Amino acid sequence: MNASPTSELSKAYNPSENEAGIYKMWEDSGAFKPNGDKSLPPFSIIMPPPNANGSLHAGHLMYTLEDVAIRFARMQGRPTLWLPGTDHAGIETQYVYEKELAKKGLTRFDLGPDKFYSEVMDFTLKHQQGALDGFKSMGFSADWSRLKFTLDEDIIQIVYDTFISLHRDGHIYRGNRIVNWCPRCQAAFPDLETDHINRDDAIYTLDYGSIKIATTRPETLFADTAIAVNPKDKRYLKLIGQTATIPLVDRPIAIIADTYVVPTAGTGALKVTPGHDKNDYEIGQRHNLAEITIVDSEGKLINVPEQFAGLTVMEARHAVVKALETAGKLTKAEPLSHSIAVHDRCGTTIEPLISEQWFLRVAELNKPVVKALTDNTITIYPSRYKRVALNWLSQEHDWCISRPGWWGIRIPVYYKTSSDPDKTAYLITKDEAEAIAYYGSDNYRAETDTFDTWFSSSQWPYATLMTTGKNDFKDFYPTSMMGTAAEILHKWVTRMIMFSLYSTKQIPFKDVYLWGTVTDEKGQKLSKSKGNYDEPMDITAEYGTDALRMALTIGITSGNNGALYIEKVQGYRNFCNKLWNVARFVLAKVPQDVDPSRAKLLSPADHWMASQLNTAIVNITSGIENYKFSEAGQAVYSLLWEDLADKYIEYSKQSLNAELLAYFLDTTLRLIHPFAPYISEAIWQKAMWTKSNLITEHWAKVIHSPSTAKSKQFEIEIIKIISSQQQSAHSVELDKLIKELLAKQNLIELAQAKLNNVAFIANAPSEVVASEQARVQQAEQAIGDITDEIKKLESQ
RNA sequence: GGGUGAUUAGCUCAGUUGGCUAGAGCGCUUCGUUUACACCGAAGAUGUCGGGGGUUCGAGUCCCUCAUCACCCACCA
C-alpha cells in the first residue's frame with residue numbers, strides 16, 4: 001500500500017475518504033492496546049465515563065486532549081493505556097427515560113422496578129453505542145477491548161465492598177436528616193446538585209399574637225415549633241422565653257433566642273420550621289425543637305387541618321394566605337424576588353424535608369485528600385484549582401449517598417420486618433442468603449434505594465483497572481493523568497481521590513488536568529437546546545476530524561473556557577490541506593528509493609531547517625509533557641507552515657536535498673500525529689520510505705549538530721529566494737534589508753541601555769548580562785552581514 | 001456574604017518563575033492566474049496590555065485600589 005504514485009494524491013485533502021479506514025486499521029493492528037516497552041514508565045488515563053444515555057456533547061470533545069497525551073506517550077514507546085467506560089448516570093438516565101415513557105403516556109410506576117430497570121438497560125446500551133461511535137470518529141485511541149460500564153457485575157461488587165468496609169469503619173450512617181428533596185424525582189440530592197434561580201414570589205407578614213414574623217412560606221406555619229429572635233435585639237428582649245401563637249391553629253410556641261437571626265431581615269423575628277427548612281433545622285438541633293413534617297414526598301400537605309390536606313405546596317400557600325386574610329392575621333403582603341433551590345436536572349423546586357437516608361461522613365476521609373493536594377502528591381493543572389479544591393474539602397457536609405431511584409446500584413442492605421428485639425435493625429451484606437439466615441425468610445425486606453451515581457463513579461479509576469481480567473491495576477495504578485471538566489472538581493475529582501486513598505491507600509492519578517466549558521464565539525455554552533451546537537459529525541464530515549481536534553487543542557488553555565466556531569475549524573482544515581500539499585510536493589520530488597536515514601545537512605538551508613526542527617521538537621515535547629497543549633499545537637502549526645512550507649520547500653525548488661527533504665517530512669509527521677492523527681497517518685501510508693503505521697512509530701528525535709552560523713546565513717538568503725519570485729524583487733529585497741538593518745541598530749541601542757542599567761545592580765544576574773552582551777554581538781554581526789548584502793544589491 | 005477568573009489588535013485568544021523590538025489565527029489593505037497548495041503566496045496596517053497608584057534598573061507579568069463582565073460556594077425572613 002506504500003509507494004503509490006504521487007499523482008494519486010488529489011489536490012486537496014479529503015478527510016472523509018480516509019478517516020474511517022485509518023481508524024479501522026489502527027484498531028485492527030492492536031495499536032490501542034498497551035504494548036509499549038516495559039522498561040519505560042507506563043502511561044495511563046482512565047477516560048471519564050460519559051453518561052451512557054445520550055450522544056456526544058460539547059464537553060466530550062475535550063477528551064481530544066487526553067488522546068493527544070495518549071498518542072504522545074505511545075510514540076515515546078511507553079506502555080500506554082487509555083481505558084474507556086460509560087456511566088449509568090442513575091437519576092439522570094432515569095429522568096431521560098421517563099420522558100420517553102411520558103411520550104407514550106406511561107410512568108415508571110406503570111412498569112414496576114424490574115421491568116423499568118431492564119427497559120432502561122436496553123435503552124442505555126443502545127445509546128451507549130452512539131456515544132462510543134462518536135468517540136471513535138474523533139480518533140480516540142482508547143482500548144475498546146477493555147470497555148467498562150458502571151453496572152458491570154464486577155464493578156458493582158467493588159462498590160459493595162467499599163460500602164461495607166466504610167460502614168465497618170464507621171464512616172457510613174443511616175439517619176433522619178433534612179435533605180434537598182425533589183418531589184418529581186422522589187429523591188434527595190446534595191447541595192451540589194441543586195441550582196438557585198430567581199423567582200417572583202411574595203413575602204407575607206403574619207400576626208403570631210405577641211410577635212409578628214415575615215415569611216415567604218406561610219403554608220409551613222403548621223410545622224412551626226418556635227419563633228426565634230436575635231438575643232441582642234432590644235425590641236424583643238423581654239419576649240424571649242414567652243410564647244407566640246400560630247395563627248389558624250392557635251398552637252402556642254416558644255420564643256427563643258438564636259444568633260442566626262438577622263435583626264434587620266424581615267421583622268427580625270423568624271418562624272422556625274425544622275421539618276422544612278435547612279437553617280431552621282440547624283436552629284432546631286441547637287434548641288432541641290421537635291421536627292414536624294407537613295409536606296410529604298410528593299410535595300403535598302399532610303398532618304394539617306382538613307381543608308389544606310392533600311394540596312400541593314403552591315395550592316396550600318394560596319389557601320393559607322386566604323385563610324389568614326379572613327382571620328385578620330395577615331398584616332402585610334408584598335412582592336419579593338428571591339432565589340429558590342431547584343433540582344439541577346429537572347428544574348423542580350426543592351422541598352427541604354426530613355428523610356431517612358444513608359450518609360457518608362466525609363470529614364475524616366477528606367483529611368488524606370487534603371494532604372495529597374497540599375504536598376503536591378497530586379498536581380492540579382491549572383494550579384489555582386488546588387485552592388478551590390482545598391476550600392471545598394474543608395467545608396463539605398456529610399454526603400447523602402442514597403437515592404430512591406430504580407436505575408442504579410441497589411444499596412446492599414436488608415431491614416428486619418419482625419419485631420424480634422434481638423435482631424439489629426438492618427444488616428449490610430452482598431448476599432441475600434445472609435439476611436435470610438439472620439432474620440428468617442419472611443422477616444426482612446431488601447433496601448430498594450440505589451447509590452448516588454457519584455458514589456460508584458468516584459471509585460472508577462481502581463474499579464476499572466481491577467476488573468479488566470488483566471494485570472492492569474498492578475501495571476497502571478496510580479494512573480498518570482485525569483483530564484476532566486473543571487465543573488466536576490468537587491463532585492468527582494476530590495471524591496475519586498478520597499475513595500482511592502481509602503480503598504487502595506494510593507492516589508488514583510498523579511496529575512489532574514481541568515478544562516473549562518466549550519463555548520461559541522460569543523462565550524455562550526454550546527448546547528443543542530440553544531441551537532449553537534453543530535453535531536460534531538457534521539463538522540468533521542465537512543472539515544475533517546483533525547481540523548476539529550486542532551480547533552479544540554489550540555487557543556484553549558487549562559481551566560479556561562474556550563470558543564469553538566466554524567471559522568476556527570476552517571483555519572485548521574486549511575492547515576491540514578497545507579500539510580497534504582507539502583507531502584504532495586515532497587513525494588513528487590524525491591526518488592522512489594529515497595532513504596531518509598541517510599540524510600545529510602549540506603546547504604545553509606539544511607542547517608537552518610534542522611535547527612528549526614530541533615527547536616520545535618523540544619518545544620512540542622515539553623509542551624505536551626507540561627500540559628501546555630495549546631503551545632505545543634501552535635509550535636506544530638508554525639513549524640509546518642512557516643518553516644517547512646514557506647521557507648524550506650521554497651528553497652528546495654531551487655536546490656533539492658531529497659533524502660533530507662524526506663527526512664524533514666517524516667519527522668514533522670511524527671510531531672503532528674498526536675494533534676492531527678488521521679492526515680498524518682494518511683500521508684505516512686503514502687510515503688515510499690515507510691513500512692509501518694505512524695501511530696506506533698517512535699517520537700521525533702533531534703538532529704545533531706546543525707550549524708548556527710549556516711542557519712543565520714540562510715535567514716538572509718531566504719529573503720532573496722522568496723522575493724526573487726516576486727516582480728519587484730530587487731526593491732522589495734532592498735527595503736527589507738534596510739528595515740532589518742534599522743531594527744538591528746535599534747536592538748543594539750536597547751541592549752546597551754539595558755547593559756548600562758544592569759551594571760548598576762550589585763548582584764545583577766550574570767546570565768542577564770551575558771545574554772545582553774550576546775545580543776549586542778549578534779546584532780553587530782547581523783549588521784555586518786546586512787550591510788554587505790545591501791552593498792551587493794546596490795552595485796547591481 | 002465568601003471565593004476564583006477575565007479585561008492584550010476589529011473578532012477569538014496565547015503570552016511558564018518580572019528581562020530579546022508585546023504575539024498567533026481569522027478579518028482588513030495592496031500586489032500576484034510562479035504546476036505542492038486560491039483550503040494559496042508576497043508585502044502591509046492596526047495595541048497608553050480595563051482605569052489609577054505602588055515596588056523595581058526594568059512591569060502585560062508582582063502589590064494596592066477602583067470599574068466592568070463571567071463563574072463557583074454559601075444564602076436570601
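In this text, all values refer to a predicted model and were calculated from it rather than measured experimentally. Any value given below was found using the heavy atoms of this structure, including those in side chains, with hydrogens, waters and symmetry copies removed. Residue numbering restarts at 1 for every chain, and letters A, B, ... go by the order of the sequence lines.
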5'-to-3' dot-bracket of RNA chain B (Watson-Crick, G-U; under 3.5 angstrom; crossing pairs as [ ]; | other strand) = (((((((..((((.....[...)))).(((((.......))))).....(((((..]....))))))))))))....
Grab the OH-P distance between A:Tyr385 and B:U4 for me, whole Å please.
-> 12 Å
B:G52 and B:C13, which share atom name P, separated by this distance in whole Å = 25 Å
Inter-nucleotide P distance (B:G15, B:C73), Å rounded = 26 Å
Tell me what A:Tyr260 touches on the nucleic acid: a base, only sugar-phosphate, or nothing, going by heavy atoms under 4.0 Å.
-> base
For A:Ala682 and A:Asn18, the nearest pair of non-hydrogen atoms, with its separation, is CB-OD1, 4.1 Å
B:U4 C1' sits how many Å from A:Lys386 NZ, rounded?
-> 16 Å
Are there more than 12 heavy atoms of other residues, nucleotides or ligands under 6.0 Å from atom CD of A:Gln570?
-> yes
For B:A22 and B:U65, measure between their P atoms and round to the nearest Å.
-> 30 Å
Less than 4.5 Å apart, any side-chain heavy atom of A:Tyr208 and any of A:Pro247?
-> yes
Can you tell me the distance, in whole Å, between the CE atom of A:Met550 and the P atom of B:C26?
-> 12 Å
For atom P, what is the distance between B:G10 and B:A42, given to the nearest Å?
-> 24 Å
A:Asn574 CG to B:G25 P, straight-line distance once rounded to whole Å = 12 Å
Which nucleotide, B:C26, B:G5, B:C73, lies nearest any side-chain atom of A:Arg384?
-> B:G5
Rounded off to whole Å, could you give me the CG-to-P distance for the A:Leu514 and B:C72 pair?
-> 15 Å
Quick one: are A:Tyr381 and A:Val512 in side-chain contact, heavy atoms under 4.5 Å?
-> no
Given B:G5, is OP1 or OP2 found less than 4.0 Å from the side-chain N or O atoms of A:Arg387?
-> yes
Give a yes or no on whether a salt bridge exists between A:Arg217 and A:Asp280, defined as a side-chain N under 4.0 angstrom from a carboxylate O.
-> no
Base, sugar-phosphate, or nothing for A:Ala214, non-hydrogen atoms under 4.0 angstrom?
-> sugar-phosphate
How is A:Glu487 classified with respect to the nucleic acid when contacts are heavy atoms under 4.0 Å: base, sugar-phosphate, or nothing?
-> nothing
For the pair A:Asn626 (side chain) and A:Ser622 (backbone), establish whether a donor and an acceptor sit closer than 3.5 Å, ignoring hydrogens and angles.
-> yes
In whole angstrom, what separates A:Phe575's CZ from B:C40's P?
-> 13 Å
Gap in Å between the two C1' atoms, one belonging to B:A45 and one to B:C26, rounded | 16 Å
What is the minimum heavy-atom distance between A:Ala662 and A:Val594, and which atoms define it?
-> CB-CG2, 4.0 Å
P-based separation of B:C49 from B:U35 [nearest Å] | 45 Å
A:Ser16 side chain to A:Asn14 side chain, donor-acceptor N/O pair below 3.5 angstrom = yes
Side-chain (A:Trp580) to main-chain (A:Ser10) donor-acceptor, under 3.5 angstrom | yes
Shortest non-hydrogen contact between A:Thr220 and A:Thr273, atoms and distance = O-CG2, 3.7 Å
When rounded to the nearest Å, what value does the distance between C1' atoms of B:G27 and B:A74 take?
-> 44 Å
Sorted by position of nearest nucleotide on RNA chain B, 5' first, the leading residue of A:Asn391 and A:Gln395 is A:Asn391
Can you tell me, in whole Å, how much space there is between the P of B:U55 and that of B:A43?
-> 45 Å
Could you pick out which residue, A:Ala269 or A:Gly571, lies toward the 5' side of RNA chain B when each is mapped onto its nearest nucleotide?
-> A:Gly571
Identify all pairs in which a protein N or O lies below 3.5 Å from an N or O of nucleotides 35-38 of chain B, and state each distance.
residue : atom : partner  : partner atom : Å
B:A36   : O3'  : A:Arg584 : NH2          : 3.1
B:A36   : O2'  : A:Asn581 : OD1          : 2.5
B:A36   : O2'  : A:Arg584 : NE           : 3.2
B:A36   : O2'  : A:Arg584 : NH2          : 3.0
B:A36   : N7   : A:Lys653 : NZ           : 3.3
B:A36   : N6   : A:Ala645 : O            : 3.3
B:A36   : N6   : A:Glu650 : OE2          : 3.1
B:A36   : N3   : A:Asn581 : O            : 3.3
B:C37   : O4'  : A:Asn581 : OD1          : 2.8
B:C37   : O4'  : A:Asn581 : ND2          : 3.2
B:C37   : O2'  : A:Asn577 : ND2          : 3.2
B:C37   : O2   : A:Lys578 : NZ           : 2.7
B:C37   : N3   : A:Lys578 : NZ           : 2.9

4.5 Å side-chain heavy-atom contact, A:Ile683 and A:Tyr13 | no
Are a donor atom and an acceptor atom from the side chains of A:Asp258 and A:His287 found within less than 3.5 Å of each other?
-> yes
Pairwise N/O distances under 3.5 Å, protein to nucleotides 11-14 of chain B:
residue : atom : partner  : partner atom : Å
B:C11   : O2'  : A:Glu521 : OE2          : 2.9
B:U12   : O2'  : A:Tyr565 : OH           : 3.3
B:C13   : O2'  : A:Gly555 : O            : 3.1
B:A14   : OP1  : A:Thr557 : OG1          : 2.7

Gap between atom NZ of A:Lys386 and atom OG1 of A:Thr379 - 0.5 Å precision = 8.0 Å
Atom CD1 of A:Ile197 and atom P of B:C75 are separated, to the nearest Å, by 16 Å
A:Ile566 has an atom CD1; how far is it from atom P of B:C39, in whole Å?
-> 16 Å
